[in-house]
Amino acid sequence: MIKEELKVEINSINSINAAVLAKMFLNGAKNLDSKKDWINELNVFPVPDGDTGTNMTMTIMSAAKEVSAIENPDMASIAKAISSGSLRGARGNSGVILSQLFRGFTKVIGKEQEVTVPVLSAAFQKAVETAYKAVMKPKEGTILTVARGAADKAAELAEETDDLVYFLDEVIKEAELVLKKTPDMLPVLKQAGVVDSGGQGLVVILQGTFDALLGREIDYTIEADSRTEVRKITKETEAEIKFGYCTEFIIVLNQPLTDQGEHKYKAFLESIGDSIVVVADDEIVKTHVHTNDPGLAIQEALKHGSLSRIKIDNMREEHQERLIKDAQKLAAEQEKQKEADQAQNAPHKEIGFIAVSAGEGLSEVFKGLGTDYMIEGGQTMNPSTEDILNAVNKVNADHVFVFPNNKNIILAANQAAALSEEKKVHVIPTKTIPQGITALINFIPEQSAQENETRMTQEIQNVKTGQVTYAVRDTVIDDKEIRQGDYMGIGDQTILSVGRDKSKVTFEMAELMIDDDSAIVSIYYGEEASEDEANALAEQILEKHADLEVEVQYGGQPIYYYLLSVE
């Protein structure tokens with residue numbers, strides 16, 4: 001019945017040529033891009049850095065730009081663009097797995113002149129096989145499970161039909177069904193009340209490709225990266241803003257406005273500003289105006305009733321702040337280029353180091369320990385495989401050690417290591433910043449690269465890490481009731497402490513991390529915490545554990561008020 005209903009809408013399709021496949025892929029990418037923020041919100045932990053949607057989008061967009069640039073596509077060129085673009089653009093675990101799904105998929109379609117049901121089924125099988133091989137310990141209830149469910153359904157349908165419309169519709173329905181079951185496979189998903197975010201991203205991509213196959217009106221344009229031009233802060237740029245205050249409020253009317261009264265009110269606003277929006281009904285009037293004197297607008301409004309939701313923004317000040325941020329961004333890019341030039345022009349050596357870090361203070365710690373090149377990234381932005389590979393190429397050494405310092409970057413680092421041709425890349429699987437610092441401290445120059453890799457990998461197992469941030473939604477995890485705005489102390493495996501008092505939450509987290517074997521506690525305070533607060537925390541820990549050594553350092557990391565390590 002489903003098949004018949006679809007055939008009413010569109011005739012049966014038995015093959016897809018390269019041009020149609022390109023459109024399908026580009027629309028899958030566009031569909032994911034449009035829903036990435038929603039997918040980000042499916043993060044299990046209610047932290048403000050859920051990034052699965054962003055990582056998958058940046059991965060597929062890297063491939064989409066290459067596909068979009070092909071003037072006369074054939075299957076081989078499309079396959080190469082998808083595989084190469086996604087491989088190098090892969091970010092985060094979800095992005096790397098997606099790139100591996102594409103890699104397997106394109107191994108099949110790249111050899112064909114057109115795509116049929118048997119070809120598509122074989123491509124799905126190869127995609128899943130390749131992705132599972134890329135993950136050391138595949139976990140069910142993830143994007144891998146959704147992909148496998150779709151591939152299994154594809155193999156079943158390939159025996160029944162040659163109609164691609166019916167085939168894809170049923171495959172996507174199966175993927176959606178498997179996605180709904182992911183909370184039953186992973187208890188953390190069920191506790192958080194969400195489905196797997198990576199699996200959801202894959203379903204969104206498939207839905208977008210199917211829309212394109214059905215010929216629905218779609219914009220297939222993939223925009224190139226745009227860089228914000230930094231303009232000088234001058235009187236001229238300030239003069240571009242004629243009226244400086246964006247003023248908004250709601251009038252709760254004493255009595256309904258007549259048409260003449262509304263016209264007179266609008267005319268007054270026009271006499272003092274521009275960008276005027278007035279929306280009125282019998283009870284309220286919503287007002288928006290750009291003016292140099294918000295008080296005049298408010299005084300006039302008060303003649304008609306009481307005011308609520310008053311909001312006044314200084315647009316010139318915001319403009320200045322934006323320009324300053326642009327200038328700071330340009331300066332940071334120039335400093336990064338200088339750092340890259342220094343790393344590349346440094347004397348050749350046997351072993352070099354690359355670390356991923358977010359926060360000025362943390363980056364300085366790594367540089368002080370001998371890191372040759374810093375990659376900016378971490379919880380809020382995972383660097384791509386290509387970012388890491390480019391960094392490797394900038395370090396003038398035979399062996400390059402990479403410290404991902406985030407569990408969501410390790411796969412991308414491993415992928416970069418596999419792509420490196422001239423240098424031997426050693427990925428130390430550091431999941432946190434403290435692990436990366438410990439690994440570097442334990443480097444012994446007199447030992448070989450392989451001996452150091454073994455030693456570092458062993459030593460990071462002795463580090464416990466805790467991180468303090470805030471909750472972005474209500475949820476329950478490990479029987480802990482979490483409310484939006486709560487502070488959370490997150491350990492290596494789970495949430496250790498929750499509450500409304502940041503200092504109390506941090507101390508409780510530290511107490512759960514410290515045991516009889518602990519010797520050193522390091523506190524790195526972030527950009528939204530103060531040195532005084534951090535010192536007070538250190539004193540509180542020392543009062544309880546006088547035999548411990550407690551260090552306080554500025555980390556400057558975003559999102560996380562504190563990073564704690566216990567060794």
Side-chain angles (χ1 to χ4, degrees), residues 13 15-39 51-92 94-115 119-120 123-124 127 130 164 168 172 201-229 381-387 389-390 412 415 419:
I13 298 174
S15 65
I16 298 170
N17 62 26
V20 173
L21 183 67
K23 287 182 178 180
M24 291 172 67
F25 181 77
L26 294 178
N27 196 60
K30 279 283 191 180
N31 199 38
L32 179 63
D33 185 41
S34 70
K35 296 177 173 65
K36 63 179 181 291
D37 291 337
W38 167 57
I39 294 170
D51 52 10
T52 299
T54 300
N55 284 337
M56 292 183 73
T57 297
M58 295 185 81
T59 299
I60 198 172
M61 280 300 179
S62 177
K65 283 162 190 165
E66 292 197 23
V67 171
S68 190
I70 302 172
E71 291 185 6
N72 299 302
D74 56 29
M75 289 298 177
S77 62
I78 291 173
K80 183 179 179 181
I82 292 173
S83 180
S84 175
S86 63
L87 195 67
R88 291 178 175 273
R91 295 174 187 266
S94 56
V96 172
I97 292 171
L98 182 63
S99 75
Q100 291 298 317
L101 287 169
F102 288 149
R103 185 181 175 208
F105 183 87
T106 55
K107 281 181 181 178
V108 174
I109 66 163
K111 299 174 183 177
E112 305 293 335
Q113 296 301 313
E114 61 181 15
V115 173
V119 170
L120 206 49
F124 282 161
T130 305
L164 281 163
L168 274 175
I172 293 170
L202 181 61
V203 168
V204 166
I205 293 169
L206 291 172
Q207 290 168 336
T209 62
F210 189 57
D211 282 343
L213 179 65
L214 297 179
R216 291 169 183 161
E217 289 297 320
I218 300 152
D219 175 12
Y220 300 109
T221 306
I222 299 293
E223 299 174 359
D225 287 331
S226 60
R227 292 183 177 271
T228 304
E229 291 186 5
M381 175 55 70
N382 300 146
S384 68
T385 296
E386 187 165 35
D387 289 336
L389 190 60
N390 287 340
Q415 197 153 272
L419 291 172

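Note: hydrogens, waters and symmetry copies are ignored here, and every other heavy atom, side chains too, is used. Counting begins at 1 with the first residue of the sequence.
- Taking the side chain as every heavy atom from C-beta outward, Met58 and Asp51 never approach each other to under 4.5 Å.
- The minimum heavy-atom distance linking Ser99 with Thr59 is given by the pair CB-CG2, 4.3 Å.
- Phe25 and Phe105 have their aromatic ring centers separated by at least 6.0 angstrom.
- Across all non-hydrogen atoms, the minimal contact from Met56 to Ser94 is CG-OG, 3.5 Å.
- Atom-to-atom distance recorded for Phe102:CZ and Ile109:CD1 is 10.0 Å, nearest 0.5 angstrom.
- Closest approach of Ile16 and Met24 over heavy atoms only: CD1-SD, 3.7 Å.
- The minimum heavy-atom distance between Gly89 and Ser62, with the atom names listed, is CA-OG, 3.6 Å.
- Contact check for Arg103 versus Ser86: no side-chain heavy atoms found under the 4.5 Å cut-off.
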Would Asp74 and Ser77 satisfy side-chain hydrogen bond (donor to acceptor under 3.5 Å, both in side chains), going step by step from the backbone distance to the final call?
CA-CA 5 Å; Asp74 56 29; Ser77 62; 2.9 Å; yes

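- Between the side chain of Asn31 and the main chain of Val204, a donor-acceptor pair closer than 3.5 Å is present.
- Between the CD1 atom of Ile172 and the CG atom of Leu202 there is a distance of 9.5 Å, given to the nearest 0.5 Å.
- Contact annotation: the side chain of Met75 approaches that of Val115 to within less than 4.5 Å [non-hydrogen atoms, C-beta and beyond].
- Side-chain polar atoms of Asn55 and Asn382 form a donor-acceptor pair below 3.5 angstrom.
- Here the side chains of Lys36 and Asp33 are in contact, with some heavy-atom distance below 4.5 Å.
- Side-chain atoms of Asn27 come within 3.5 Å of backbone atoms of Gly208 as a donor-acceptor pair (strictly under, hydrogens ignored).
- Using modelled atom types and a 3.5 Å distance limit, the side chains of Asp387 and Ser384 yield a donor-acceptor pair.
- With a 4.5 Å cut-off on side-chain heavy atoms, Lys80 and Thr106 do not count as touching.
- A distance of 6.5 Å separates OG1 of Thr54 from CG of Asp37, quoted to the nearest 0.5 Å.
- Leu389 contributes atom CG, which lies 6.0 Å from atom CG of Leu419 (distance to the nearest 0.5 angstrom).
- Under a 3.5 Å cut-off, the side chain of Thr57 and the backbone N or O of Gly53 do form a donor-acceptor pair.
- Minimum heavy-atom separation, Ala81 to Ile70: CB-CD1, 3.8 Å.
- The side-chain heavy atoms of Ser84 and Arg88, taken from C-beta on, include a pair separated by under 4.5 Å.
- Between Leu21 atom CG and Ile78 atom CD1 the span is 5.0 Å, to the nearest 0.5 Å.
- Inspection of the Thr385 and Gln415 side chains reveals an N or O donor paired with an N or O acceptor under 3.5 Å.
- Taken from OG in Ser15 to CG in Leu120, the straight-line distance is 12.0 Å, to the nearest 0.5 Å.
- Remark: Lys107 pairs with no residue by the salt bridge (charged side-chain N to carboxylate O under 4.0 Å, His left out) rule, at least two apart or across chains.
- Residues Leu213 and Ile13 are in side-chain contact: their nearest non-hydrogen atoms beyond the backbone lie under 4.5 Å apart.
- Heavy-atom minimum distance, Gly85 versus Glu66: CA-OE2, 3.4 Å.
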